[in-house]
Every structure is written in structure tokens, then in C-alpha cells.
There are 2 protein chains.
Amino acid sequence: MASLSDISRHAGVSIATCSRVLNGSAHPVSEATRSRVLKAAEELGYAPSALARALVTRSSRIIGVIVGDIVDPYFAEIARGVEAVAAELGYLTMVCSAELGSEAELGHLRQLRDYHAAGIVFAGSGRAGDPVAAELAVAVADARTRGAVVVALAQRDFEAPTILFDNEAAAHDITTYVRGLGHERITFVEGPAGLHTSAQRLAGFTRAGGTDAIAGGFAYEDGVRAAEALLARDTLPDAVVAANDEAAIGLLVRLRDAGVDVPGQVAVTGIDDTRPAHFVGLTTVTVPLHEMGRRAAQAVLEQHAEDVVLPHALRVRSTT
Amino acid sequence: MASLSDISRHAGVSIATCSRVLNGSAHPVSEATRSRVLKAAEELGYAPSALARALVTRSSRIIGVIVGDIVDPYFAEIARGVEAVAAELGYLTMVCSAELGSEAELGHLRQLRDYHAAGIVFAGSGRAGDPVAAELAVAVADARTRGAVVVALAQRDFEAPTILFDNEAAAHDITTYVRGLGHERITFVEGPAGLHTSAQRLAGFTRAGGTDAIAGGFAYEDGVRAAEALLARDTLPDAVVAANDEAAIGLLVRLRDAGVDVPGQVAVTGIDDTRPAHFVGLTTVTVPLHEMGRRAAQAVLEQHAEDVVLPHALRVRSTT
DNA sequence: TTGTAAGCGTTATCAG
DNA sequence: CTGATAACGCTTACAA
């Protein structure tokens, strides 16, 4: 691949001048030499080395989005929001999936730091008692030293501006709605143990007067398991509020498989309003995932972020 | 952030030696100086500049996966496969979503090339008559010049080893299955116009004896629209084979909303066997998405790929 | 308006 | 076993 010095030689112009015309510098260059350089670049098929450029400017045009699980539509929606605004400005957004937990998150964070990413957005929540929390905090600080702006889209255990919605209120609102329907015995299927988000959603359920909570998770399979636990009881609850849509759907499918009438016999709800919720007609609460992604990207482009809490809203469909 | 020269000064050792101990070089270094360097690195919080390293070694540890749409579970599954094997070897996999079509794809490809990506995986299919096809081919060639290994997971219009499954056969098999059920009037909902994958699936339907095909797409909404087109006809077909799961689900939901009994009145099937298909009990054909991702990653790690066609299989559920 | 040259942080080649 | 030093490809004062 042709480099600046190739162009320079070919066009009979200094490297500096080539650099100036080839990267839209404000520095004046005569039309004559400009076109000569352009022509040489064209002929030789010049492509800049983003690596070299980033090395000297001390910042690349990469925005990293660290998500909990790339197949989870919750994260996909966020990533899409980031991408939408980043692409306009020519930034490359790379989504990194940390399926293996905090360790993987730390690994990705370090890589992003090492590549001088312009921005790093943490899409998922932090974990209580996270063994690598301290290391994460250090790496975040280092990334900042290198000019990265880091933003969190859920509660984390390091210093960072946050763009979020109120998980506790979301859970509270939907629980209240379900109670308002006249359901007395309501079971809550918890999120993954340890996640701050899980704790917040459980707290919302509790504050709304809920008392019966069982273990769960954020995956479809977790919902299936929760359904089985419920099916094993003497009597089914009137309603079950799952900590998120995926689990709610697993629960819903398993319950119906077992011949349970939803919503006739048991009402089922989720939180997040991801695409699959739409597919199955799940009652849930809409949260501004795409908008969070957009704002996160804007924050890194503007190199400055402010804490915000975005609104959520009940979305009633056919499972209640 | 501390750099090699900082460590060098702090430890009273040459930069070269520091480099040797800090990057696991085979070059011998005495235990004494090694530990001195390590200590200095520890104290100063050294983190290597992947940028500088990649610049001199002429290759970064980045694998880019260019997908059609990050919220599409088809691509998410592939990305996950890539990530799974890449992570083990310390490679960073970045998934780039080309929601805006070929142009966006080209943009991402160039970025990846400019960052000297070690590998570039094209997850989606090429388009007939693509206006940027030539530019894509050039950029692919350039990326190769810079040492990248590029792999395609669907038919493309440039030279590249492919890891795929047989789209034509998949569509043929499910159509044949549906006919075997006794359905006579079968409608096929096509994929997005222009995509090679769409053409292949349509060809499979046709080869299996299907004749009635209507416009569609790969998104949920496309399925909804197709359902409405069908609903507007005098009589509904006995079965509809959609070009993929997303569209099949949109179709299914819309049909049921309209009071149509599926599978009683109309049978519905998809292709891909993505997660949502599981949720709604869709009859479809399983394709090795995750495995394709894994193999693509292996190919870039081994710097060499061979063409393969992986098997698919019918997955019968409750919509037929 | 153009060119020279000093880095950016590493790795790698050669000598000691 | 250790250390200079030349790249890698680019940007950017500073000169001319």
C-alpha cells in the first residue's frame, strides 16, 4: 500500500505538503501542487495509516462499546444508537461483547485503551463485590489519561458520567400497574445475582408492595427455569413480573407450553421493550435504549458528558 | 501513561531491554534486570501502545466483523462465534454494523484496512449490481496487501475464501417439507431485493416446485407487510415460506392478529433458526451461524482459509 | 506556498 | 546478555 513518502516521491513534492493536501489541513497549498498530489495519490492508490496518524495525534477515531452480550437485543439497540451518530462523523464504532463477565470487560477495556480509543461506552451494569472492580477503575483512569472519554449507561463502580433511565422506577411502575389490575399474588423473577441493575429492579418491585421474589436471570433460559420453579409450586401466582423481557418471554413460552393460560390464568410482564417483546405481545416498559446510545456517542464526540436520567413508559400489550 | 522510555529511565535499563521483557520476547534477559524492569513497569503503571506496536509489526490484533444489521439475531450469532475464538488469543473483535448498505460497508472496510486489522469478516451477502462493488474489491485487495485475511460468510463479488451453508438447499428443503404436509398453494416471501442470499433462497423455493412469490425483506416489518398483502387477497394460501425468521415472525404475528389460525388455516415457516424463532415456536431450518463465526476467526488466526459449506437441518416446531 | 526535521512508542537489527 | 539506532507512516512546528 502506498504511503505518504511514495506519493511524495511520485509527485515530486515534500512529504509535508502531501500530508497537508491529503488530510484536509487548513495550511494553504497551491492548486497546482494540490492537484499533482491528488493525482499521485489516485494513481498509487494511497490509503492513510490510521495507526500512524493516531500515534502522533494521540487519538484514534474509534469508539468502543462494551456490552454484556451481543445477542441480547437490549445491547444491540444501544450499539445501534451509538453507531448511528458515530458513523456520521467518520468514527468507527466497535462493539465488544463481554460474555464471560468482568474479566472480559477488563480485557476489552484495556485493548481499547491500548488503541487510544476516542471513547469507551459501558452499556451494561456493574456488579456488587466485583473482584476486578479496582482494576477496571485503574484502566478507566488510564484510558482517560490517553484522552478517551468514558461514559456509563448503567450504574458502575468507577467514576464516569452516566446516561440512564430509572430501573427502580421502571420496576415499580409495572408492578403497580399489575397490582392495579387486581392481581394479589405477584412473583418477581430476579435478574442475574450481583448486577446493580438487578438490585434496582428488585427494589422497585419491593417498593411497589411486592414480596415474593425468586431467582432468575436476564436470559430466555432463565425465564424457562423460573417458570418451572413456579409450575412446581402448589398454586401459581396471579401474575409474574420478570426483571427483563428475555426472561419474561422464556417464562411465557414455558408457561403456555404447560397449558397455562396467559393472561387468563397468570399475567406476565417484562422490562425493556426490546424487539422480541413486540413479537410476542409482551406487556413491558419501554426504555430509551437507542437514545442512550446516541447520547453516549455525542458525549464522546463533544468530549464532554453530563449525567442524565431519561424517561421510561409503560407499554401494555396482550400478556396482561 | 507511562511509555517504554519512562520505564527505561526509571529502571536504569535500555529501552530495547525493557521492550524485550515487557512483550515476552524470546531474546534472553537476565533475571536481575528482568525483575527490575517489571518492578518499574508496575510502579509507573505501564501500558503498551498497541498503536505503536501495530505500526512497526505491521499488524494489529483486531478482527473486524462487518454485519448487515447489529440488531438482527442472525448476525449477532455470527459475531458471537467470532468473538468466542478470538478472545482466547487476545484478539479484539469489533463488529461494525452497515445498516446503511454497501456504502457503509465500504466505509467500515476502509477503516479496518486503515487500522491494519488482522482480519475482516464479511457476515452478510453481496448485492447484484452493487454500485460500489468495484471499490469494495479494491479495498479488500488493499487490506490484504496490509496483511489482513478476509473471509466471507455469504456470497460476495470479490475474491475471498467463503465459509457458508447452502441457502438454495435450505429453502428447497423447507419448501419440500411443507409440500409434503399436503399444502398445495404455497407463497414465498422474498428477501431484500438484490441480495445474493435472497436470490438463492428464492431459487430453492422455485426448484422445490413453488411458483407464487411476493416481495418481502429480512425484517420483522417486512413480514408484517407481506401478511397484509396476503390478507388483501381473495383467498389465503395454505402455507407461506418466508425468506428468513424475522420476516416469518412478523408475518405470523400479523396473521394471528387478523384472526388467522396458524398452523390450522395457514402454515408459516422461516429460515435461520435464530433465537426469536425459538420463542414463537417457528418451524424453520437451522443454519450453523455460530460455527461459521468460529471458523472465520480461526481462519484469520491461522492466516489461511479454505472454502467450506456447512450443513443445515430442518427444525420443525408448531407453526406447521 | 513549500520544505526540513523532530517526534509519537514500539520492534528489530546489529554490534558490543 | 545489553544497548544503540534505524525504521514504521504520519503530523506539525519552524524555517525558508
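Side chains are part of it too, since the values below use all heavy atoms of this structure and drop only hydrogens, waters and symmetry mates. Below, chain A is the first sequence line, B the second, and so on; all start at residue 1.
- Checking the phosphate oxygens (OP1, OP2) of D:dT11, a side-chain nitrogen or oxygen of A:N23 falls inside 4.0 Å.
- Summarising the local packing, CD of B:E43 is surrounded by more than 12 heavy atoms from other residues, nucleotides or ligands at distances under 6.0 Å.
- Remark: aromatic rings of B:F158 and B:F122 are close, center separation under 6.0 Å.
- Residue-level contact check: A:I15 touches the bases, meaning some heavy atom is under 4.0 Å from a base atom.
- The residue B:A47 sits close only to the backbone: its heavy atoms come under 4.0 Å of sugar-phosphate atoms, none of a base.
- Contacts of A:T33 with the nucleic acid, taken as non-hydrogen atoms under 4.0 Å apart, involve only primed sugar atoms and P, OP1 or OP2.
- For the pair B:A52 and A:T17, both in contact range of DNA chain C, the more 5′-proximal nearest nucleotide belongs to A:T17.
- Of the candidate nucleotides C:dT11, C:dT1, D:dT12, C:dT1 has the atom nearest to the side chain of A:P28.
- The listed nucleotides are C:dT11, C:dT10, D:dC10; the one nearest the side chain of A:P48 is D:dC10.
- Closest heavy-atom contact between B:S60 and B:H116: OG-O, 2.9 Å.
- Of the residues near DNA chain D, B:L55 and B:V29, the one whose nearest nucleotide (by heavy atom distance) lies more toward the 5' end is B:V29.
- One side chain, B:H196 or B:D157, offers a donor N or O that lies under 3.5 Å from an acceptor on the other.
- Here the nucleotide nearest the side chain of B:S19, chosen from D:dT5, D:dT11, C:dT11, is C:dT11.
- Note on A:S30: only backbone sugar-phosphate atoms sit closer than 4.0 angstrom, heavy atoms only; bases stay farther off.
- Note on B:S3: only backbone sugar-phosphate atoms sit closer than 4.0 angstrom, heavy atoms only; bases stay farther off.
- Applying the 4.0 Å criterion to OP1 and OP2 of D:dG9, one finds that B:Y115 has every side-chain N and O outside that range.
- Within the structure, every side-chain polar atom (N or O) of B:S14 is placed at least 4.0 Å from both OP1 and OP2 of D:dT2.
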With salt bridge (Lys or Arg N to Asp or Glu O under 4.0 Å) as the test, would you mind laying out the steps for B:E31 and B:R34 before giving the verdict?
CA-CA 5 Å; B:E31 259 328 305; B:R34 170 182 305 278; 3.5 Å; yes
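- The base of D:dG9 lies outside donor-acceptor range of the side chain of B:R58, with no N or O pair under 3.5 Å.
- At a cut-off of 3.5 angstrom, the base of D:dT12 holds no donor-acceptor pair with the side chain of A:H27.
- Ranked by how close their nearest DNA chain C nucleotide is to the 5' end, B:R20 and B:Y46 are led by B:Y46.
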